[in-house]
Trainee: 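This is the structure I have questions about; it appears just below.
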Amino acid sequence: MNTSSISQNAQRQDISSLISPELSVVVPVYNEVESLPHLIEAIATSLKEMAFSYEIVCVDDGSRDGSAELLKSLAQTRTDLRAVLLRRNYGQTPAMSAGFNYARGKVIITMDGDLQNDPADIPRLLAKLEEGYDLVSGWRKNRQDAALSRLLPSKIANWLIGRVTGVELHDYGCSLKAYRSELVADMNLYGELHRFLPALAFIEGARIAEMQVRHHARKFGRSKYGIWRTFRVVMDLLTVYFMKKFLTRPMHVFGLFGMIAIALGILLGCYLTFLKLALGQSIGDRPLLILAVVLLVTGVQLFSFGLLAELLMRTYHESQGRPIYRVREVVGENGNNSNKIDG
């Protein structure tokens with residue numbers, strides 16, 4: 001191939017990269033080789049009748065059943081499919097994050113790759129999003145899963161997450177959701193945080209809605225989820241709670257407990273000093289002496305953690321140019337009445 005043809009191909013790629021679709025459907029995939037052809041065709045069928053451009057972004061999370069090879073083959077023959085192949089199995093949250101990074105649409109739909117979510121619900125999610133919401137979450141009211149191993153832990157987790165985060169949803173675990181792209185652009189996902197996306201969006205000031213969606217029994221393969229994931233959910237829930245309450249003011253929590261510990265240590269120290277000097281009692285073998293020392297040391301450490309957390313928080317925001325606020329709309333002179341989220 002000569003230099004001119006290479007240059008022309010590069011120009012075509014640059015032009016195509018500038019043409020962003022209006023909708024991106026992000027599908028994390030792990031060992032779903034039997035489901036993939038049916039799923040991609042169902043998504044395309046659901047969206048072809050709608051009057052806007054779309055793309056399907058399938059993220060293979062280190063599958064070992066031939067899913068990656070199938071996606072590569074399909075992506076070479078379909079113009080609406082992009083295949084993102086990860087080097088190994090990282091988990092659903094990193095796969096979801098990769099999908100967000102490679103999605104080019106103004107609106108992003110996420111769904112599972114096991115055919116349990118119904119692509120026919122996508123137009124309904126988009127219609128709800130157009131009512132002025134930033135995120136629309138699906139609710140699998142008639143969920144087709146095992147009652148003891150899946151439904152019961154899910155109900156408990158949904159109740160707990162709603163109580164802790166203040167975002168009351170029936171079904172946090174439903175992957176079928178619609179997002180505005182500027183919302184997910186501000187989110188950095190780690191651990192198992194993909195299931196907390198509505199709570200993270202709420203922290204960013206998003207308007208959230210929930211609507212019922214269909215749910216089908218699994219046709220191929222087996223579930224990758226188990227009750228053991230509950231422990232990961234609890235740990236990440238604590239992270240989300242801290243982010244919601246103290247992300248921009250960590251000293252308020254570390255400093256508060258540090259001051260309480262120091263105050264108790266000083267009070268115990270004064271009490272023991274009174275016993276020693278005023279009453280002449282021995283205090284060397286008293287457990288209270290050890291407790292006073294531990295409280296003082298712990299208080300100083302907590303206060304130091306608070307200072308370090310404040311420095312890290314400022315580095316986090318300032319290094320990325322992230323403001324500690326989000327603007328929804330600017331109205332007035334030079335504002336053009338435009339909706340935007342800073343950051």
Trainee: Let me confirm one number: the CG-CG distance from Leu264 to Leu291, rounded to the nearest 0.5 Å.
Mentor: 8.0 Å
Trainee: Which atom names give the shortest non-hydrogen contact between Ala44 and Ile56, and what distance separates them?
Mentor: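 Minimum heavy-atom separation between Ala44 and Ile56: N-CD1, 4.4 Å.
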Trainee: We want to know whether Ser35 and Asp114 form a side-chain donor-acceptor pair, criterion being a heavy-atom distance below 3.5 angstrom.
Mentor: no
Trainee: Shortest non-hydrogen contact from Leu39 to Pro119?
Mentor: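 What the structure gives for the nearest pair is CD1-CG, 4.2 Å.
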Trainee: For the atom pair CD1 (Ile208) and CG (Leu135), what is the distance rounded to the nearest 0.5 Å?
Mentor: 5.5 Å
Trainee: So Leu176 and Thr110, do their side chains get closer than 4.5 Å, heavy atoms only?
Mentor: no
Trainee: According to a hydrophobic-cluster definition based on side-chain heavy atoms being under 4.5 Å apart (Ile, Leu, Val, Met, Phe, Trp, Tyr only), do Leu288 and Ile283 belong together?
Mentor: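 Yes, it is one cluster - the side chains of Leu288 and Ile283 are joined through contacts under 4.5 Å.
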Trainee: Less than 3.5 Å apart, any donor N or O on the side chain of Asn117 or His215 sitting next to an acceptor on the other?
Mentor: no
Trainee: Is there a donor in the side chain of Glu210 and an acceptor in the side chain of Ser137, or the other way round, less than 3.5 Å apart?
Mentor: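 No - no donor-acceptor pair under 3.5 Å links their side chains.
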Trainee: Are Leu129 and Val107 side-chain neighbours, meaning at least one heavy-atom pair lies under 4.5 Å?
Mentor: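 Yes. Closest side-chain heavy atoms under 4.5 Å.
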Trainee: Does the pair Glu55 and Arg82 meet the rule for a salt bridge (charged side-chain N to carboxylate O under 4.0 Å, His left out), with working shown?
Mentor: CA-CA 7 Å; Glu55 66 175 354; Arg82 303 180 73 201; 3.8 Å; yes
Trainee: Going through the checks in order, is the side-chain contact (heavy atoms from CB on, under 4.5 Å) test met by Asp121 and Met211?
Mentor: CA-CA 10 Å; Asp121 285 321; Met211 64 180 298; over 6 Å; no
Trainee: Following the transitive rule for hydrophobic clusters with a side-chain heavy-atom cut-off under 4.5 Å over Ile, Leu, Val, Met, Phe, Trp and Tyr, establish whether Ile262 and Ile260 coincide in one cluster.
Mentor: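 Different hydrophobic clusters.
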Trainee: State, to 0.1 Å, how close Ala103 and Val57 come at their nearest heavy-atom pair, and which atoms those are.
Mentor: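 Ala103 and Val57 have their closest heavy atoms at CA-CG2, 4.3 Å.
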Trainee: Would you call the rings of His170 and Trp139 parallel, tilted or perpendicular, taking 30° and 60° as the class edges?
Mentor: parallel
Trainee: Evaluate the side-chain hydrogen bond (donor to acceptor under 3.5 Å, both in side chains) criterion for residues Arg143 and Gln116: first the C-alpha distance (whole Å), next the side-chain angles of each, then the deciding distance (0.1 Å), finally the verdict.
Mentor: CA-CA 9 Å; Arg143 186 173 173 183; Gln116 291 193 270; over 6 Å; no
Trainee: Distance-only, no hydrogens or angles: does the Arg207 side chain make a donor-acceptor pair with backbone N or O of Gly132 under 3.5 Å?
Mentor: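 It does hold such a pair.
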Trainee: I'd like to check the salt bridge (Lys or Arg N to Asp or Glu O under 4.0 Å) partners of Asp171; sequence neighbours left out, ordered by chain and number.
Mentor: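 Scan of Asp171 (salt bridge (Lys or Arg N to Asp or Glu O under 4.0 Å), adjacent residues dropped) gives Arg140.
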Trainee: Membership question, hydrophobic clusters at under 4.5 Å side-chain separation (ILVMFWY): are Leu272 and Leu279 in the same one?
Mentor: yes
Trainee: Are side-chain heavy atoms of Leu23 and Leu126 found at a separation under 4.5 Å?
Mentor: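 The answer is yes, as the side chains (C-beta and beyond) meet within the 4.5 Å cut-off.
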Trainee: Where is the tightest heavy-atom contact between Ala178 and Leu125, given as atom of each residue plus distance?
Mentor: CB-CB, 4.1 Å
Trainee: Can you find a pair of side-chain heavy atoms, one from Tyr30 and one from Asp60, that are under 4.5 Å apart?
Mentor: no
Trainee: Do Met259 and Leu302 touch side chain to side chain, with heavy atoms closer than 4.5 Å?
Mentor: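 A side-chain contact is absent here, since even the closest heavy-atom pair is not under 4.5 Å.
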Trainee: Look up atom OH in Tyr172 and atom CG in Asn158, then write down how far apart they are to the nearest 0.5 Å.
Mentor: 8.5 Å
Trainee: Do Val59 and Leu86 make a side-chain contact, defined as non-hydrogen atoms from C-beta onward lying under 4.5 Å apart?
Mentor: yes
Trainee: State yes or no: do Tyr271 and Leu267 share one hydrophobic cluster built from I, L, V, M, F, W and Y residues joined by side-chain heavy-atom distances below 4.5 Å, directly or via other members?
Mentor: no
Trainee: Distance from Ile108 atom CD1 to Tyr179 atom OH, nearest 0.5 Å?
Mentor: 9.0 Å
Trainee: Look at the side-chain heavy atoms of Ile, Leu, Val, Met, Phe, Trp and Tyr, link any pair under 4.5 Å apart, and say whether Phe257 and Val294 land in one connected group.
Mentor: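 Not linked; separate clusters.
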Trainee: Apply the test side-chain contact (heavy atoms from CB on, under 4.5 Å) to residues Asp61 and Gln92: give CA-CA distance (whole Å), side-chain angles for both, the deciding distance (0.1 Å), then the verdict.
Mentor: CA-CA 8 Å; Asp61 187 26; Gln92 188 169 358; 5.8 Å; no
Trainee: Might you confirm whether atom CZ of Arg78 has over 12 heavy atoms from other residues, nucleotides or ligands at distances under 6.0 Å?
Mentor: yes
Trainee: Passes salt bridge (charged side-chain N to carboxylate O under 4.0 Å, His left out), Lys72 versus Glu69? Steps please.
Mentor: CA-CA 5 Å; Lys72 288 174 62 177; Glu69 290 72 18; over 6 Å; no
Trainee: Would the distance check show the side chain of Arg180 and the main-chain N or O of Tyr133 forming a donor-acceptor pair, the cut-off being under 3.5 Å?
Mentor: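 Present.
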Trainee: Of the non-hydrogen atoms in Ala120 and Pro123, which two are nearest, and what is the gap between them?
Mentor: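 Of all heavy-atom pairs spanning Ala120 and Pro123, the closest is O-CD, 3.4 Å.
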Trainee: Using a 3.5 Å distance criterion without hydrogens, assess whether the side chain of Ser46 forms a donor-acceptor pair with backbone atoms of Ala42.
Mentor: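 It does not hold such a pair.
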Trainee: Are any non-hydrogen side-chain atoms of Ile40 and Leu81 less than 4.5 angstrom apart?
Mentor: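 When only atoms from C-beta onward are counted, Leu81 and Ile40 do touch, with a gap below 4.5 Å.
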Trainee: Using modelled atom types and a 3.5 Å cut-off, is there a donor and acceptor pairing between side-chain atoms of Glu310 and backbone atoms of Met251?
Mentor: yes
Trainee: Taking all non-hydrogen atoms of both residues, which atom of Val167 and which atom of Ala199 are closest, and how far apart?
Mentor: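 Closest heavy-atom pair between Val167 and Ala199: CG2-CA, 4.1 Å.
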Trainee: Can you tell me how far apart CZ (Phe202) and CG (Asp134) are? Round to the nearest 0.5 Å.
Mentor: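 CG of Asp134 is found 12.5 Å from CZ of Phe202.
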Trainee: Are the side chains of Val25 and Val27 in touch, meaning some heavy atoms are under 4.5 Å apart?
Mentor: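 With C-beta onward as the side chain, the pair touches.
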Trainee: Measuring from atom CG of Leu36 to atom OG of Ser63, what distance do you get when rounded to the nearest 0.5 angstrom?
Mentor: 7.5 Å
Trainee: Can we say Arg104 and Glu22 salt-bridge, meaning some charged N sits less than 4.0 Å from an Asp/Glu carboxylate O?
Mentor: no
Trainee: Do any N or O atoms from the side chain of Asn31 and from the backbone of Ser67 form a donor-acceptor pair under 3.5 angstrom?
Mentor: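 It does not hold such a pair.
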Trainee: Donor-acceptor check, side chain of Ser97 to backbone of Thr93, threshold 3.5 angstrom: yes or no?
Mentor: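 Here the side-chain-to-backbone pair does not exist.
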